[in-house]
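Just below is one structure, and these are the notes that go with it.
What you are looking at is a predicted structure, and each value in this text was computed from that prediction instead of being measured. Start at 1 with the first residue, then count along the sequence.
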Amino acid sequence: MSGTHSPQAIVASPAQAALFLVLTVRSGSEEVVRDALAGVPALTRAVGFRAPDDELRCIVGIGAEFWDRLYDRPRPAGLHTFAAIAGAEHTAPSTPGDVLFHIGSQRTDVCFELGYRLIEQLRDHVDVVDEVHGFKFFDERDLL
């Protein structure tokens, strides 16, 4: 890995399509996953190269407990286990997950391809605990 790092595109215009993958990492697979995470920008560029106008991006999130398994240094300020939030009508549960991939593009197939390649690379080292596909619906009408 080179000495230069680019920040993730956390704040970007909304994508037409998205894929959210939440993974748990199997015990003993931390080094393999760490190496794979370092390669996510290159893999994203490789997949996105075939469709440069489709703005493929991948944001990676690391859970607090997994951070402790992954790195021998303190957690970043503010990184903590997500506590469930219960409202009057809705609840945001605290769910298991070590790694989150938030993949976005202007096309669903490009999101799928990157997600597929990430999971293929990590297949023997992780379990997918959640997979959510998002997409533009007709004339941007609300799905609700």
Side-chain angles (χ1 to χ4, degrees), residues 1-137 142-144:
M1 185 162 76
S2 71
T4 62
H5 301 290
S6 298
Q8 297 187 82
I10 302 293
V11 180
S13 58
Q16 300 290 326
L19 172 59
F20 300 88
L21 296 169
V22 179
L23 317 173
T24 54
V25 178
R26 296 176 188 164
S27 181
S29 293
E30 292 80 8
E31 187 174 337
V32 171
V33 172
R34 183 185 316 112
D35 291 345
L37 293 179
V40 168
L43 182 58
T44 303
R45 284 190 305 274
V47 172
F49 181 78
R50 295 190 319 224
D53 296 333
D54 293 321
E55 303 171 13
L56 179 63
R57 58 186 176 262
C58 181
I59 307 302
V60 178
I62 298 173
E65 285 82 21
F66 186 56
W67 178 277
D68 296 339
R69 291 170 44 204
L70 201 56
Y71 300 109
D72 186 24
R73 59 185 146 199
R75 291 179 187 171
L79 180 61
H80 56 83
T81 302
F82 181 77
I85 301 170
E89 294 184 38
H90 303 286
T91 299
S94 177
T95 56
D98 295 322
V99 176
L100 164 71
F101 292 116
H102 173 184
I103 302 168
S105 176
Q106 299 307 315
R107 288 180 21 200
T108 304
D109 58 342
V110 179
C111 293
F112 175 83
E113 177 68 14
L114 180 56
Y116 174 80
R117 288 186 181 207
L118 288 166
I119 296 306
E120 278 299 304
Q121 185 177 29
L122 296 169
R123 176 174 302 286
D124 297 330
H125 306 283
V126 301
D127 295 298
V128 178
V129 294
D130 196 26
E131 177 177 338
V132 177
H133 298 259
F135 52 90
K136 178 182 172 184
F137 187 72
D142 190 341
L143 289 175
L144 300 177

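L37 has its side chain within reach of I62: a pair of non-hydrogen atoms, C-beta onward, lies under 4.5 Å apart. Side-chain atoms of L114 and L56, non-hydrogen and from C-beta on, do get closer than 4.5 Å to each other. L122 has its side chain within reach of L23: a pair of non-hydrogen atoms, C-beta onward, lies under 4.5 Å apart.
Checked against salt bridge (Lys or Arg N to Asp or Glu O under 4.0 Å), R45 has no partners two or more places apart in sequence or in another chain. Take R34 and apply the salt bridge (Lys or Arg N to Asp or Glu O under 4.0 Å) test, not counting sequence neighbours, and it matches no residue. By the ring-ring contact (aromatic ring centres under 6.0 Å, His included) test, F20 pairs with H102, sequence neighbours left out.
When all heavy atoms of V22 and P96 are compared, the pair lying nearest together is CG1-O, 3.6 Å. Taking every heavy atom of both residues into account, C111 and A17 meet most closely at SG-O, 3.6 Å.
Residue pairs meeting the side-chain hydrogen bond (donor to acceptor under 3.5 Å, both in side chains) criterion with at least one partner in residues 19-29, sequence neighbours excluded, are R26-D127, S29-H125. Under the side-chain hydrogen bond (donor to acceptor under 3.5 Å, both in side chains) criterion, the residue pairs touching residues 108-117 are R107-D109, E113-R117, with sequence neighbours excluded. For the side-chain hydrogen bond (donor to acceptor under 3.5 Å, both in side chains) condition, the pairs that include at least one residue of residues 71-81, sequence neighbours left out, are E65-T81, D68-R75.
Other residues, nucleotides and ligands contribute more than 12 heavy atoms inside 6.0 Å of the CZ atom of F66. In the displayed structure, E120 atom CD is contacted under 6.0 Å by more than 12 heavy atoms of other residues, nucleotides or ligands.
For the atom pair L118 CG and F101 CZ, the distance stands at 4.5 Å (nearest 0.5 Å). Here the straight-line distance linking atom CD1 of I59 with atom CG of L100 works out to 9.5 Å at 0.5 Å rounding. Taking CZ of R57 as the reference point, atom OG1 of T44 lies at 11.5 Å (rounded to 0.5 Å).
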### Query
Between D98 and L70, does a side chain to side chain contact (heavy atoms under 4.5 Å, CB included) hold up when you go through it step by step?
CA-CA 10 Å; D98 295 322; L70 201 56; over 6 Å; no
### CA sep, side-chain torsions, deciding dist, call: D130, T95, side chain to side chain contact (heavy atoms under 4.5 Å, CB included)
CA-CA 9 Å; D130 196 26; T95 56; over 6 Å; no
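Listed for the S94 side chain is a donor-acceptor partner under 3.5 Å among the backbone atoms of F82.
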